[in-house]
Protein chains: 2
Amino acid sequence: MSGLRSSQVAAATGVNLQTLRYYERRGLLAEPDRSLGGHRLYPEHTVTALKVIKAAQRLGFTLDEVADLLEAGQHRHARRQDAGLQARARARLSEVQAKIANLQVIAGTLRAAVDAGCDDLVACTDQPCCPIPFATIAVGASDADPR
Amino acid sequence: MSGLRSSQVAAATGVNLQTLRYYERRGLLAEPDRSLGGHRLYPEHTVTALKVIKAAQRLGFTLDEVADLLEAGQHRHARRQDAGLQARARARLSEVQAKIANLQVIAGTLRAAVDAGCDDLVACTDQPCCPIPFATIAVGASDADPR
DNA sequence: TTGCATCCGGTACCTAGGTACAGGCTTACC
DNA sequence: GGTAAGCCTGTACCTAGGTACCGGATGCAA
């Protein structure tokens with residue numbers, strides 16, 4: 001009985017060895033078979049699974065969401081209405097679009113600050129000669145992920 | 001001798017009371033005067049300062065950067081070449097633009113996934129009939145803030 | 001002066017996604 | 001069989017930006 005050793009999987013995917021175990025704890029990776037001595041022996045498709053996980057992360061899904069999506073893919077029947085990749089992708093898409101819109105507002109403000117030549121946050125805020133309303137700017141348009 | 005009590009400042013700015021002390025520890029707020037019993041008495045302009053801090057945060061600056069910017073605004077001479085608001089705003093602007101570009105790639109991919117009707121991450125990855133290359137998608141275009 | 005709301009400092013905890021370390025066992029190769 | 005590399009579990013730590021809790025002190029009004 002054979003399989004990939006954890007360092008091989010790590011090397012093949014660029015994922016840290018500790019992270020592999022972390023994903024296992026989080027339920028993203030199935031528990032692999034073990035050697036007689038207790039060492040993990042991964043099946044080949046684990047490499048694919050990790051690539052999928054990383055791709056989904058790059059699309060902005062959290063690890064919890066990725067776990068749900070993988071789960072939903074397994075037993076397709078008896079799953080919640082909005083658990084499918086379709087619905088999640090649509091929801092995620094509108095989040096990403098909202099984020100883009102926020103960032104465009106922010107970019108516009110930064111450009112204005114540069115163009116106006118402001119060089120002191122507090123002075124600009126106190127005096128109305130500065131065109132940038134620092135005290136009230138872009139409320140609710142946080143750069144941070146709002147999820 | 002008077003001034004605003006911490007709860008008044010908190011209420012006026014929507015900032016948590018603990019956060020006020022946190023900002024003081026981080027050097028974002030000057031240490032205020034105290035009552036005889038040791039209670040903080042804030043000057044009026046602290047409210048403005050907090051609004052500025054929150055605005056700068058919304059523009060995507062970290063608290064460390066905000067502290068630097070406030071510092072730089074105080075003693076304008078003898079400061080580093082790139083410490084000014086101008087330079088920082090320019091740098092931040094290009095970061096924001098890069099982030100927008102990344103998100104646009106991600107949005108495009110999500111749209112493709114929705115249009116193609118994929119509903120199973122792993123199946124889509126294994127079979128080449130799916131137009132979405134989950135295993136190789138948008139490498140380096142993480143949604144996470146790359147700073 | 002009593003009573004209650006507020007504030008104090010210090011410390012611990014939270015999210016998200018990992019990463020590192022310690023001490024001991026296993027595997028592989030010569 | 002020896003030995004070095006690799007792997008095991010468990011636990012602690014990291015970033016960033018806060019938030020919560022505790023026991024005790026203070027402020028203020030009646």
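In what follows, chains carry the letters A, B, and so on, assigned in the order in which the sequence lines appear, proteins first and then strands, with residues in each chain numbered from 1. It should be emphasised that the depicted structure is a prediction, and the values quoted were computed from it without experimental measurement.
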Can you check the Q18(A) CD to dG10(D) C1' distance for me, whole Å?
11 Å

Map G37(A) and V15(A) onto DNA chain C by nearest heavy atom, then report which one ends up closer to the 5' terminus.
V15(A)

Once you round it to whole Å, what is the distance between P of dT15(C) and CD of E65(A)?
16 Å

Provide, to the nearest angstrom, the distance between the CZ atom belonging to R21(A) and the C1' atom belonging to dG10(D).
10 Å

Residues that R26(B) engages under salt bridge (charged side-chain N to carboxylate O under 4.0 Å, His left out), provided they are two or more places apart
D64(B)

Without decimals, in angstroms, what is the distance between R34(B) CZ and dT26(D) C1'?
12 Å

L29(A) CG to dG18(C) P, straight-line distance once rounded to whole Å
12 Å

When you check the side-chain N and O atoms of R5(A) and Q8(A), is any donor under 3.5 Å from an acceptor?
no

Between K54(A) and dG17(C), is there a contact of a side-chain N or O with OP1 or OP2 at under 4.0 Å?
no

Looking at R40(A) and E24(A), is there a salt bridge between them, counting it only when a charged N and a carboxylate O are closer than 4.0 Å?
yes

So, is S7(A) close to the dA5(D) phosphate, meaning a side-chain N or O under 4.0 Å from OP1 or OP2?
no

Could you state the atom-to-atom distance from CZ of R5(A) to P of dG6(D) in whole Å?
9 Å

Which heavy atom of A107(B) sits nearest a heavy atom of I100(A), and at what distance?
CB-CD1, 4.5 Å

Which nucleotide sits closest to the side chain of Y23(B): dT27(C), dG18(D), dT6(C)?
dG18(D)

Return the 5'-most residue of the pair G38(B), R40(A) with respect to DNA chain D, ranking by each residue's nearest nucleotide.
R40(A)

Shortest side-chain distance from Q57(B), nucleotide among dG6(D), dG17(D), dT19(C):
dG17(D)

Closest to side chain of L63(A), choosing from dG18(C), dT19(D), dG17(D):
dG18(C)

Length of the CG-P vector between L17(B) and dC7(C), whole Å
6 Å

Can you name the one residue among V52(A), L63(A), L20(A), L50(A) that meets side chain to side chain contact (heavy atoms under 4.5 Å, CB included) with L28(A)?
L63(A)

Side-chain N or O of T19(B) versus OP1/OP2 of dG17(D): is the shortest distance under 4.0 Å?
no

How many whole angstroms separate atom CG of N16(A) from atom P of dT19(C)?
5 Å

Report yes if at least one side-chain N or O of R25(B) is closer than 4.0 Å to OP1 or OP2 of dT11(C); otherwise report no.
no

Below the 4.0 Å mark, does dC8(D) have OP1 or OP2 next to a side-chain nitrogen or oxygen of S35(A)?
no

